[in-house]
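Below is one structure, written out as structure tokens; comments come after it.
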Amino acid sequence: MASVQMKKVSKIYDGKVTAIKDADIFIEDRDFVVLVGPSGCGKSTLLRMVAGLEEISSGEIYIDDKLVNEVAPKDRDIAMVFQNYALYPHMTVFDNMAFGLKLRKFPKEEIRERVSEAARILDIEKLLDRKPKALSGGQRQRVALGRAIVRKPKVFLFDEPLSNLDAKLRVQMRIEINRLHHKLQTTMIYVTHDQVEAMTMGDRIVVLKDGLIQQVDSPLKLYNDPVNRFVAGFIGSPSMNFIEGELVRNGNLQFKSKIFNFDIPEEISKKLRESTGKEVILGVRPEHLYDVSLATDKELSTPQKIQVDVVEPIGNEIFVYFSEGSQSYCMRMSPDKLHEAGEKIGIGIDLKKVFFFDAATEERIG
Ligand code: ADP
């Protein structure tokens with residue numbers, strides 16, 4: 001078990017592509033940390049630098065208190081699980097799992113014990129004699145996990161390990177990896193581009209964009225307290241709605257836009273005072289927009305008439321889409337009432353749940 005620390009870690013490929021810039025992350029012993037961000041944001045590069053598969057351009061990486069910048073991957077006491085499983089096709093499941101231990105000259109009996117134990121944890125005991133081609137995608141991924149477990153590494157690294165699985169299996173394996181983390185109590189770093197996967201697996205999540213860390217927080221803190229528009233829009237599905245407008249003083253502080261206009265409640269307006277006259281972006285999550293006729297108990301903004309474009313009845317909830325100009329918005333509704341496309345309804349925003357971002361910097365201001 002170990003902590004992992006990255007201090008001002010940067011990676012520049014070929015002297016020109018900055019993949020990661022000044023990453024500072026401290027991962028405590030036994031933590032499950034997820035690196036998440038859109039494709040190309042640098043998350044794999046960061047993970048590969050921890051693994052030792054990629055040279056560090058500048059900065060320092062420590063595993064426990066040991067500086068590992070110059071330590072070979074095999075001597076870092078880590079195990080990595082990849083998206084493509086990377087199993088040896090000509091070897092049985094047993095031999096695939098045992099391979100790393102054989103290389104390290106473990107005694108035969110200990111290899112057998114460790115492989116049996118991992119196979120039991122992963123429920124693949126019956127598959128030990130099969131070759132990878134006779135396994136399903138989920139079973140192959142379990143073998144890849146098993147191969148990492150038998151090493152009893154200080155740190156597990158996962159690089160999009162579930163991307164090749166279908167949606168249902170992904171959910172199942174996600175739960176299994178969570179369970180594995182509880183059982184093994186080992187430090188884990190997990191890379192994914194899927195924010196739902198990140199939210200459901202990480203104790204803490206590192207959100208990356210263009211090689212820069214945007215925010216490091218628990219899943220719910222990211223959801224409820226995003227530091228900027230990028231994090232606010234990236235976390236949550238369907239995404240937060242963004243409405244461009246401005247803050248004007250007309251007695252009270254008001255938000256004015258093409259679609260919503262309302263007085264800003266006192267508690268928030270204190271924070272926004274300095275931004276009076278500025279262009280801002282209002283952020284509202286789909287669940288904080290209401291049909292005013294159905295939400296009489298909420299403190300809502302002045303009702304706005306909209307016309308429903310599309311209705312998606314998921315079952316336990318319903319997504320209603322409407323638009324203003326080229327901008328589309330989404331509201332999440334309870335399944336008690338099914339609206340229809342073309343219907344006109346009055347909607348309001350829960351004023352206790354709004355976010356404001358500076359239109360120029362996109363930083364959160366309220
Ligand atoms: P992610 O895992 O978030 O999709 P990567 O870490 O793979 O992102 O890549 C980050 C950036 O670095 C991208 O712009 C990518 O094109 C670039 N990159 C990755 N690997 C290399 C490489 N071997 N040589 C040059 N550029 C690379």
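Indexing begins at 1, ligand by ligand and atom by atom, following the structure's order. Side chains included, hydrogens not; waters and symmetry mates left out as well; all remaining heavy atoms used. This chain uses plain numbering: 1 for the first residue, then up along the sequence.
A centroid separation of 6.0 Å or more is found between the aromatic rings of Y321 and Y329.
The contact set between ligand 1 and P38, taken as ligand atoms under 4.0 Å from a residue heavy atom, comprises 3 (O).
The protein reaches atom 10 (C) of ligand 1 closely, with a heavy atom under 4.0 angstrom from it. Put simply, atom 16 (O) of ligand 1 has no protein non-hydrogen atoms near it, under 4.0 Å away.
Distance check: D159 CG to Y190 OH gives 10.0 Å after rounding to the nearest 0.5 Å. One distance of note links CG of L351 with NZ of K298; it measures 12.0 Å at 0.5 Å rounding.
Atom 8 (O) of ligand 1 has its nearest heavy-atom neighbour, among A19, G42, S44, in G42.
Considering only heavy atoms from C-beta on, R364 comes within 4.5 Å of P226 through its side chain.
The protein atom (non-hydrogen) at minimum distance from atom 19 (C) of ligand 1 is Y13 CE1, 3.4 Å. In terms of protein heavy-atom proximity, atom 13 (C) of ligand 1 is nearest to G40 O, 3.8 Å. At the shortest separation from atom 6 (O) of ligand 1 among protein heavy atoms lies T45 OG1, 2.5 Å.
Of all the heavy atoms of D14, the ones lying under 4.0 Å from any atom of ligand 1 belong exclusively to the side chain.
By the 4.0 Å heavy-atom criterion, S39 is counted among the residues contacting ligand 1. Assignment of G211 to the shell around ligand 1 is not supported, since no heavy atom sits closer than 4.0 Å.
More than 12 non-hydrogen atoms from other residues, nucleotides or ligands lie less than 6.0 angstrom from CD of Q307. In E317, the CD atom is crowded: over 12 heavy atoms of neighbouring residues, nucleotides or ligands sit closer than 6.0 Å.
In summary, of the residues considered (V143, L122, L135), a side-chain contact (heavy atoms from CB on, under 4.5 Å) with L127 occurs for L135 alone.
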